[in-house]
Amino acid sequence: MALIPEWNAFQPGVVMGVIGAVILLIMVLVWRKMENKNPIHLSGKTIGTVLLGIIGALTLGVGMCLTMVWSNMIAGIVIGLVGIILLLCLIPLTKGFKEQ
């Protein structure tokens with residue numbers, strides 16, 4: 001909602017988003033420590049999975065904004081569907097395929 005010019009909330013929205021992201025990162029580290037799990041090892045697959053999730057969520061959000069805020073239905077629906085497809089790609093990437 002930081003991108004809606006009528007609200008004049010760009011700077012507070014970005015600041016609150018960054019604070020939220022830092023808190024969530026700290027929560028993941030604390031949770032893994034409490035569960036006696038190994039720290040997350042950064043690999044190419046891990047970084048790619050995180051980037052795909054971020055891009056998919058942002059794409060879905062842009063599609064929603066186009067549809068609901070800027071009244072651009074066709075482009076919003078198409079971009080939103082692309083975001084949903086990107087997020088659905090995370091399932092086989094993280095879980096893998098199992099043959100029966």
Side-chain angles (χ1 to χ4, degrees):
M1 294 311 205
L3 296 178
I4 299 175
E6 292 87 16
W7 290 4
N8 246 355
F10 181 76
Q11 186 175 3
V14 170
V15 169
M16 293 303 290
V18 169
I19 290 171
V22 169
I23 289 172
L24 288 175
L25 180 62
I26 292 170
M27 284 175 53
V28 167
L29 297 173
V30 169
W31 176 75
R32 291 192 71 83
K33 184 74 170 174
M34 287 174 55
E35 294 289 326
N36 293 325
K37 294 187 176 187
N38 293 331
I40 298 173
H41 298 288
L42 293 179
S43 66
K45 183 179 178 183
T46 304
I47 294 171
T49 303
V50 169
L51 287 177
L52 180 62
I54 291 170
I55 291 169
L58 288 175
T59 307
L60 177 59
V62 167
M64 288 174 56
C65 284
L66 281 170
T67 302
M68 295 188 291
V69 176
W70 295 309
S71 300
N72 196 344
M73 289 293 283
I74 302 299
I77 290 172
V78 170
I79 292 174
L81 285 174
V82 169
I84 291 171
I85 291 169
L86 288 174
L87 291 173
L88 285 174
C89 289
L90 287 171
I91 296 170
L93 185 63
T94 57
K95 298 293 182 183
F97 292 110
K98 291 184 181 179
E99 294 186 29
Q100 296 181 6

For residues Val78 and Met64: do they belong to one hydrophobic cluster (side chain heavy atoms under 4.5 Å, members Ile, Leu, Val, Met, Phe, Trp, Tyr)?
no
Cluster check Leu81, Val69: I/L/V/M/F/W/Y, side chain < 4.5 angstrom
no
Taking side chain to side chain contact (heavy atoms under 4.5 Å, CB included) as the criterion, tell me which of Ile47, Leu87, Leu93 meets it with Leu52.
Leu93
Considering residues at least two apart in sequence or located in another chain, which fulfil the side-chain contact (heavy atoms from CB on, under 4.5 Å) criterion with Leu24?
Met27
Does Thr46 have any side-chain hydrogen bond (donor to acceptor under 3.5 Å, both in side chains) partners at least two apart in sequence or in another chain, and if so, which?
Ser43
Here the gap from Cys65 atom SG to Leu60 atom CG, rounded to the nearest 0.5 Å, amounts to 10.0 Å
Taking transitive links into account, so neighbours of neighbours count too, which hydrophobic residues share a cluster with Val50 at under 4.5 Å side-chain distance?
Ile54, Leu58
Counterpart residues, side-chain contact (heavy atoms from CB on, under 4.5 Å), relative to Leu66 (two or more places apart)
Val62, Trp70, Asn72, Ala75, Ile79
Just jot down the side-chain contact (heavy atoms from CB on, under 4.5 Å) partners of Glu35, sequence neighbours excluded, or say none.
Trp31, Lys37
Under the side-chain contact (heavy atoms from CB on, under 4.5 Å) test, which residues partner Ile91, sequence neighbours left out?
Leu88
The reported gap from NZ in Lys33 to CG in Asn38 (rounded to nearest 0.5 angstrom) is 10.5 Å
Looking at Met73 and Thr67, what are the two nearest heavy atoms and their distance?
SD-CG2, 3.3 Å
